Structure formats: structure tokens, C-alpha cells
Amino acid sequence: MRLILLGPPGAGKGVIAKLLSEKLSLPHISTGDILRRAINEETPLGRDAKACVESGGLLSNEIMISLIKERLSATDCERGFILDGFPRTLNQAKALSNMEAASGVAPGIAINLDAPREVLISRLSGRRVCPSCQALYHVENMPPRKEGICDGCGSQIVIREDDQESVVKERLLRYEEEVKSLFEFYKERNLLKEVNSNMEPEKVLKNILKVIDDSYQVQTGDRLNQSGKLYCC
Ligand code: AP5
Ligand code: MG
């Protein structure tokens with residue numbers, strides 16, 4: 001099963017992708033996390049990406065497509081994957097679609113998570129992240145058990161460089177510029193599903209599982225059982 005999470009900065013793609021990944025036992029592939037890890041580790045990719053990511057710009061399609069092509073060819077993606085942050089442009093969507101066609105697999109479903117702008121801004125301004133294991137927190141909505149410390153690995157959690165107010169504005173602008181053509185691409189193929197993400201993560205997850213179940217039933221005749229595993233009907 002191939003799932004593509006779309007949605008503006010702060011929509012909850014990272015939070016929901018993690019829940020879906022646990023539920024469906026599929027790898028969560030976040031291009032933002034891959035880039036931030038590369039920046040922290042000062043790899044060649046990280047050095048190239050740093051200024052662009054931290055100012056809210058978009059990396060070139062060429063870099064992102066080759067990064068995703070390599071990642072999706074790994075054996076853990078054979079049963080499918082959950083993409084978070086890719087595709088972000090029409091060219092990236094076309095490239096993904098070509099990769100799927102070349103492998104002879106059914107196209108992934110694009111799930112658009114959305115919430116009102118003021119909710120996005122408040123989520124991003126209160127977000128904290130773990131630089132070691134990438135866990136996500138929010139100072140009010142999802143605080144760690146011990147203030148400032150990651151529950152999972154004990155590292156000190158930090159504010160993302162691109163969560164400063166001026167950079168958030170730039171990221172939202174870039175999103176608006178690209179999203180129309182991306183939506184059209186998936187709508188034309190009847191692959192775009194809308195899910196309201198302005199509710200508790202567990203409720204968003206439940207609604208997505210229902211959407212997936214309905215879409216997969218149409219696409220393949222398979223259905224999900226209650227633990228999120230596919231079964232044939
Ligand atoms: P990326 O990391 O993908 O950032 P983004 O798309 O801006 O999205 P965010 O990660 O900010 O938001 P999210 O939707 O994941 O929200 P989250 O779950 O964290 O990309 C970063 C940068 O990398 C880009 O700007 C670009 O430079 C580059 N890049 C990446 N991919 C690229 C590509 N394909 N092409 C070119 N460049 C690329 O949630 C946010 C907060 O809200 C958290 O604090 C969370 O705890 C809280 N929260 C989430 N859900 C809920 C909920 N349901 N209820 C209450 N609180 C919630
Ligand atoms: Mg994210």
C-alpha cells in the first residue's frame with residue numbers, strides 16, 4: 001500500500017505518518033526528516049540543503065527525485081510506504097507516478113490533511129522536535145513527560161530552525177504556489193482524498209483508515225481488518 005500525505009506545514013503529516021506507520025507496519029519516509037538529519041550530520045547533501053531548508057525554500061526537483069528514487073528502491077518499501085513531504089511539486093508527482101508505472105504497481109493514494117491557518121500557525125509556533133530521533137512534540141498539545149526532554153531517547157528537544165515566524169510565512173507561501181497543480185494531478189486520476197486534521201491525532205488516524213479502506217476496496221478488492229492489516233474479500 002502506497003500512501004502520500006499532502007498538506008501545508010503544520011497540518012500534522014509527521015504525527016499522522018508515525019501513527020499510520022505503526023498501524024500498517026509500513027516505513028514512514030519524511031523528506032524533511034531526511035534533509036534535517038543530513039544537515040545535522042553535515043553530509044554533502046546536508047551542506048547543500050541547509051540554507052534552503054532553513055529559509056523555507058524548496059530544494060530542486062532533481063535532488064529530491066533522485067533521493068526518493070533511491071529510498072523507495074530499498075527492500076523495506078516492497079510492501080509499500082508512507083510518504084510525508086514528497087511530492088511537493090507537479091514534477092515530483094509525475095516522477096513518482098513514472099516510478100510506480102515502471103515497477104508495475106498501482107498508484108498511491110494522496111491524502112490531503114488540512115486545518116485552518118490559525119491552527120497551523122499555533123502548531124508550528126509551539127512545535128518542539130528531537131534532533132536525535134526526530135520525535136515530535138508541542139508545548140501545549142503534545143508535551144513531553146519531562147519538560148524539554150525527549151520521551152524516547154532523552155535528548156534535549158529543540159525548536160526547528162524553519163519554525164521562526166518569518167520562515168513559516170515563506171513556507172506557507174511556497175506551499176500555496178505549488179499545491180494547486182499537485183491537487184489537480186491527483187484529482188484527475190481520482191486519487192485525492194481529503195481529511196480534516198483539525199482534531200485529535202487518533203481521530204484523524206481513524207478517518208484516514210476509513211478512507212484507505214474504501215479506496216483500496218475500489219482499487220484492489222482488498223479490505224483492511226481492524227488491526228490495519230489487508231485481507232482479501
Ligand atoms: P518538511 O519537514 O516536510 O516540512 P513541512 O511540509 O513544512 O511540514 P511540517 O513538518 O512543518 O508540518 P507537518 O505537517 O509534518 O506537521 P507536524 O506533524 O510536525 O520540509 C521541510 C523543508 O525541507 C521544506 O521547507 C523544504 O525546504 C525541504 N523539503 C522537504 N521535502 C521537499 C521536497 N519534496 N521538495 C523540495 N524541498 C523539500 O505537526 C506540527 C505540530 O503540530 C507538532 O508540534 C505536533 O505535535 C502538532 N500536531 C500535529 N497534529 C496535531 C493534532 N492532530 N492535534 C494537535 N496537535 C497536533
Ligand atoms: Mg513534518
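Both counts, for ligands and for their atoms, begin at 1 and track the order of listing. Nothing here was measured: the structure is a model prediction, and the numbers come from that model.
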(request) Run the numbers for me: atoms of ligand 1, each under 4.0 Å from some heavy atom of T31, listed by number. (result) 30 (C), 31 (N), 32 (C)
(message) Could you walk me through whether D33 and R36 satisfy the salt bridge (Lys or Arg N to Asp or Glu O under 4.0 Å) test, starting with their C-alpha distance in whole Å, then the side-chain angles of each, then the deciding distance to 0.1 Å, before giving a yes or no?
(response) CA-CA 5 Å; D33 284 352; R36 281 183 290 277; 2.9 Å; yes
(request) Can you pull out the closest protein heavy atom to atom 40 (C) of ligand 1? Residue, atom name and distance to 0.1 Å, please. (result) R127 NH1, 3.8 Å
(message) Using a 3.5 Å distance criterion without hydrogens, assess whether the side chain of R2 forms a donor-acceptor pair with backbone atoms of G80.
(response) no
(message) Under 4.0 Å, heavy-atom basis, I'd like to know which part of R123 is in contact with ligand 1: side chain, backbone, both or neither.
(response) both
(request) Give the residue and atom name of whichever protein heavy atom lies nearest to atom 10 (O) of ligand 1, and the separation in Å to one decimal. (result) R160 NH1, 2.9 Å
(message) Can you tell me if M199 contacts ligand 1 (heavy atom of the residue under 4.0 Å from the ligand)?
(response) yes
(message) If we ignore hydrogens and angles and just use 3.5 Å, is the side chain of K13 paired with the main-chain N or O of G7 as donor and acceptor?
(response) yes
(message) Among all the protein's non-hydrogen atoms, which is closest to atom 37 (N) of ligand 1, and how far away is it?
(response) L59 N, 3.1 Å
(message) Determine whether a donor-acceptor pair (N or O, by modelled atom type, separation under 3.5 Å) exists between the side chain of T31 and the backbone of G85.
(response) yes
(message) Under 4.0 Å, heavy-atom basis, I'd like to know which part of V15 is in contact with ligand 1: side chain, backbone, both or neither.
(response) both
(request) Mark up the atoms of ligand 1 that fall under 4.0 Å of a heavy atom belonging to F86, in ascending order. (result) 34 (N)
(request) Could you tell me the residue and atom name of the protein heavy atom closest to atom 7 (O) of ligand 1, and the distance to it rounded to 0.1 Å? (result) R171 NH2, 2.8 Å
(message) Is the contact between Y175 and ligand 1 made by the side chain, the backbone, both, or neither, using heavy atoms and a 4.0 Å cut-off?
(response) neither
(request) For ligand 1, note which part of P8 has a heavy atom under 4.0 Å away: side chain, backbone, both or neither. (result) backbone
(message) Closer than 3.5 angstrom, by distance alone: can the side chain of H138 be matched with the main-chain N or O of S122 as a donor-acceptor pair?
(response) yes
(message) For ligand 1, which is the ligand I care about here, please tell me if D163 has any N or O atom under 3.5 Å from one of the ligand's N or O atoms.
(response) no
(request) List the closest protein heavy-atom neighbour of atom 44 (O) of ligand 1: residue, atom name, distance to the nearest 0.1 Å. (result) Y137 O, 2.8 Å
(message) Give me the residue, atom name and distance of the protein heavy atom closest to atom 12 (O) of ligand 1.
(response) G10 N, 2.9 Å
(message) For ligand 1 and G12, I'd like to know whether there is a polar contact (N/O to N/O, distance under 3.5 Å).
(response) yes
(request) Could you check atom 46 (O) of ligand 1 against the protein and tell me its nearest heavy-atom contact, residue, atom and distance included? (result) M142 SD, 3.0 Å
(request) Please work out which of Q92, K13, R88 has its closest non-hydrogen atom nearest to atom 30 (C) of ligand 1. (result) R88
(message) Using only atom types and a distance under 3.5 Å, with no angle test, would you say the side chain of E170 pairs donor to acceptor with the backbone of S55?
(response) no
(request) Inspect the surroundings of CD in Q156 and state if more than 12 heavy atoms from other residues, nucleotides or ligands are less than 6.0 Å away. (result) no
(request) Determine whether the side chain, the backbone, both or neither of S197 has a heavy atom under 4.0 Å from any heavy atom of ligand 1. (result) backbone
(request) Within a distance under 4.0 Å of any heavy atom of A11, pick out the atoms of ligand 1 and give their elements. (result) 14 (O)
(request) Indicate yes or no for a side-chain donor-acceptor contact from R128 to the backbone of G148 under 3.5 Å, with no hydrogens or angles considered. (result) no
(request) Quickly, which of E188, K187, R189 forms a side chain to side chain contact (heavy atoms under 4.5 Å, CB included) with L191? Name it, please. (result) R189
(message) Using a 4.0 Å cut-off to any heavy atom of L136, which atoms of ligand 1 qualify?
(response) 18 (O), 19 (O)
(message) Heavy-atom count check: over 12 atoms from other residues, nucleotides or ligands less than 6.0 Å from E118 CD?
(response) yes
(message) Contact between ligand 1 and R174 is defined here as a heavy atom of the residue under 4.0 Å from a ligand atom; is it met?
(response) no
(request) Number the atoms of ligand 1 from 1 as they appear, then name those within less than 4.0 Å of a heavy atom of L35, with their elements. (result) 23 (O), 28 (C), 29 (N), 30 (C)
(message) Starting from atom 26 (C) of ligand 1, what is the nearest protein heavy atom, named by residue and atom, and what distance separates them?
(response) G57 O, 3.2 Å
(message) With a cutoff of 4.0 Å, is G7 in contact with ligand 1, counting heavy atoms of the residue only?
(response) no
(message) Using a 4.0 Å cutoff against the non-hydrogen atoms of M64, which atoms of ligand 1 qualify?
(response) 31 (N), 32 (C), 33 (C), 34 (N), 35 (N), 36 (C)
(message) Within ligand 1, which atoms have a heavy atom of R36 less than 4.0 Å away?
(response) 2 (O), 21 (C)
(message) Between S97 (side chain only) and A93 (backbone N and O only), is there a donor and an acceptor less than 3.5 Å apart?
(response) no
(message) Surrounding NZ of K18 (heavy atoms of other residues, nucleotides or ligands, distance under 6.0 Å), is the total greater than 12?
(response) no
(message) Just to check, does L124 reach to within less than 4.0 Å of ligand 1 when the distance is taken from its heavy atoms?
(response) yes
(request) Report, as yes or no, whether the 6.0 Å neighbourhood of atom CG on N190 holds more than 12 heavy atoms from other residues, nucleotides or ligands. (result) no
(request) Indicate, as side chain, backbone, both or neither, the part of N141 found under 4.0 angstrom from ligand 1 when only non-hydrogen atoms are considered. (result) side chain
(request) For R88 and L58, indicate whether the former's side chain and the latter's backbone hold a donor-acceptor pair under 3.5 Å. (result) no
(request) Identify whether Y137 and I16 are in the same connected component of the hydrophobic contact network (ILVMFWY, side-chain heavy atoms under 4.5 Å). (result) no
